[in-house]
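Here the structure comes first, spelled out in structure tokens, and everything after it is commentary.
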Amino acid sequence: MSETPAKFYISYNNIHKLCQQTAKTILDRNEKPDVIIGISGGGLIPARIIRTFLKKKGEKNIPIQAIGLSLYEDLGLDGKVETIGKEVIRTQWLDFGALDKHFDSLIGKKILIVDEVDDTRTTLHYAVSELEKEVAEQQKRLNRQNEKTTFTVFVLHNKDKPKNAALPIEMIESGHYMAACTVPDQWLCYPWDADDIDEHTRLAKLQGHD
Ligand SMILES: O=P(O)(O)OC[C@H]1O[C@H](OP(=O)(O)OP(=O)(O)O)[C@H](O)[C@@H]1O
């Protein structure tokens with residue numbers, strides 16, 4: 001009989017502080033992003049919180065864009081072998097329509113991609129590779145290859161486990177992959193899923209994640 005996996009409770013306070021700490025590291029490196037891209041749904045709350053701490057007094061808010069990515073179980077047949085994997089479905093993508101004129105693309109920008117958890121890395125791999133591909137195509141089309149675009153990934157939690165997909169090696173080596181916490185491969189309980197937020201917060205405090 002398999003054991004019930006241990007649950008790891010995380011409070012809103014804890015999330016707030018993780019965003020604040022990460023923002024400080026980003027600002028200390030002088031790498032304030034030009035745009036934040038939250039991966040919907042779990043990336044939206046940390047994206048909004050970190051924006052507060054990335055904003056300097058008197059400056060404009062950093063725009064937040066949302067992209068919708070969902071994982072679904074693919075139970076298809078690959079040749080004759082049955083495969084069980086996870087596929088990413090794109091439900092929403094960037095829209096610069098209502099932004100300033102200079103925000104016509106991501107070319108030359110510092111971009112912060114935010115999600116709550118890096119589990120198998122499938123979603124982040126998809127987001128980074130699709131965004132990089134899009135920028136490269138636009139640069140070619142507009143003849144703007146000399147502009148440097150920087151992608152940084154921020155997650156609250158990285159599960160310490162073998163990943164199904166990779167992020168660019170230079171992103172990891174240059175410190176542009178930022179996980180506020182690396183945690184064991186446990187069941188992470190985020191506060192937005194709690195039926196009883198008081199009990200949830202109590203458990204998070206007991207575990208020291210408050
Ligand atoms: O590292 P991975 O294995 O790709 O898993 C991480 C993704 O899984 C969750 O998304 P989900 O599709 O469950 O939707 P949600 O964000 O709307 O909860 C989470 O928000 C991440 O985006």
Side-chain angles (χ1 to χ4, degrees), residues 2 4-19 22-23 33 35-51 64-76 78 83-95 106 111-134 151-173 175-197 200-201 203-204 209:
S2 66
T4 316
K7 291 187 181 179
F8 186 103
Y9 291 89
I10 303 135
S11 70
Y12 280 116
N13 269 16
N14 184 238
I15 291 168
H16 200 87
K17 289 175 192 169
L18 297 178
C19 291
T22 305
V35 60
I36 297 170
I37 299 180
I39 302 180
S40 173
L44 297 181
I45 294 176
R48 176 59 189 86
I49 297 173
I50 200 168
R51 182 176 78 169
I64 297 180
Q65 291 268 309
I67 58 174
L69 300 177
S70 281
L71 285 172
Y72 95 112
E73 298 285 339
D74 176 13
L75 302 174
D78 181 12
T83 55
I84 302 180
K86 279 190 170 174
E87 237 189 278
V88 179
I89 299 297
R90 194 195 276 206
T91 56
Q92 186 185 342
W93 204 244
L94 306 173
D95 181 0
L106 297 178
I111 300 141
L112 182 66
I113 301 170
V114 182
D115 210 348
E116 90 280 33
V117 62
D118 174 0
D119 185 4
T120 66
R121 202 161 276 177
T122 309
T123 304
L124 285 172
H125 164 81
Y126 181 92
V128 172
S129 54
E130 289 295 300
L131 290 166
E132 281 188 340
K133 206 163 61 186
E134 194 168 300
F151 289 97
T152 301
V153 162
F154 164 52
V155 289
L156 298 170
H157 300 100
N158 172 32
K159 288 193 183 179
D160 189 12
K161 65 191 279 187
K163 303 295 186 184
N164 289 349
L167 288 170
I169 189 77
E170 60 282 4
M171 170 183 270
I172 311 252
E173 286 178 348
H176 288 102
Y177 170 79
M178 307 179 79
C181 298
T182 298
V183 295
D185 187 11
Q186 280 180 319
W187 183 347
L188 302 184
C189 301
Y190 286 101
W192 44 82
D193 286 323
D195 281 331
D196 181 343
I197 190 63
H200 178 102
T201 309
L203 293 168
H209 318 136

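Whatever order the structure lists them in is the order used to number ligands and atoms, beginning at 1.
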Using a strict cut-off of under 4.0 Å between a residue heavy atom and any atom of ligand 1, list the qualifying protein residues by chain and number. Ser40, Gly41, Gly42, Leu69, Ser70, Leu71, Asp115, Glu116, Val117, Asp118, Asp119, Thr120, Arg121, Thr122, Thr123
List in chain and number order the residues that pass salt bridge (charged side-chain N to carboxylate O under 4.0 Å, His left out) with Glu132, two or more places apart in sequence or in another chain; answer none if no residue qualifies. none
Do Glu130 and Trp93 have side-chain N/O donor and acceptor atoms under 3.5 Å apart? no
Report the relative orientation of the aromatic rings in His200 and Tyr9; use parallel for angles under 30°, tilted for 30 to 60°, perpendicular for over 60°. perpendicular
CG of Asn14 to CG of Leu156, rounded to nearest 0.5 Å, is 8.5 Å
Holding to side-chain hydrogen bond (donor to acceptor under 3.5 Å, both in side chains), I want the full list of residues that pass it with His209, two or more places apart in sequence or in another chain. Gln207
Suppose we screen for side-chain hydrogen bond (donor to acceptor under 3.5 Å, both in side chains). Which residues come up paired with Lys161, at least two apart in sequence or across chains? Asp119
